[in-house]
Amino acid sequence: MNTDMRTVVHKSCALAAQTFMLAMSEQGYDTCPLEGFDSRLVKKALGLPRDCGINMVITCGIRTDGGVRGERFRLPFKEFYHKI
């Protein structure tokens with residue numbers, strides 16, 4: 001795959017990932033996109049072919065009340081999100 005096509009594919013996958021993360025949030029789940037993962041190990045764990053590409057790994061779950069390492073500061077959602 002040429003460089004231009006790879007760029008288009010990665011951008012499209014990122015938009016699909018964003019839509020997935022927003023949908024998960026709507027259902028009450030938290031998500032986190034990861035970078036710096038070992039794609040070779042991810043492919044092996046998922047049984048994927050060696051020549052496939054992985055655009056992103058997204059973790060999903062329900063947060064604990066106290067957070068992973070203690071209380072977290074979060075801006076009120078209504079202050080920065082406006083439905084159009």
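Because only heavy atoms are used, hydrogens play no part in the values below, and waters and symmetry mates are left out as well, while side chains stay in.
- Side-chain contact between Gln18 and Leu15: present, with at least one pair of heavy atoms (C-beta onward) separated by less than 4.5 Å.
- Transitive grouping of hydrophobic side chains (ILVMFWY, heavy atoms separated by less than 4.5 Å) keeps Ile58 and Leu34 in distinct clusters.
- Hydrophobic clustering of Ile, Leu, Val, Met, Phe, Trp and Tyr side chains at less than 4.5 Å, counting indirect connections, keeps Leu22 apart from Tyr81.
- Lys43 contributes no side-chain N or O that, together with a main-chain N or O of Leu48, makes up a donor-acceptor pair within less than 3.5 Å.
- The number of heavy-atom neighbours closer than 6.0 Å to OH of Tyr29, taken from other residues, nucleotides and ligands shown, is 12 or below.
- Two residues are said to be in side-chain contact when any heavy atoms from C-beta on lie closer than 4.5 Å; Thr59 and Thr31 fail this criterion.
- Between Phe20 and the choices Ser25, Pro33, Cys60, the side chain to side chain contact (heavy atoms under 4.5 Å, CB included) rule is met once, by Cys60.
- You'll find the side chain of Cys13 stays beyond 4.5 Å of the side chain of Met56, heavy atoms only.
- Pairing each heavy atom of Glu79 with each of His82, the nearest pair is O-NE2, 4.0 Å.
- Linking Ile, Leu, Val, Met, Phe, Trp and Tyr residues whenever their side-chain heavy atoms come within less than 4.5 Å places Leu46 and Ile54 in a single cluster.
- The two residues Val42 and Phe37 make their nearest non-hydrogen contact at CG2-CD1, 4.0 Å.
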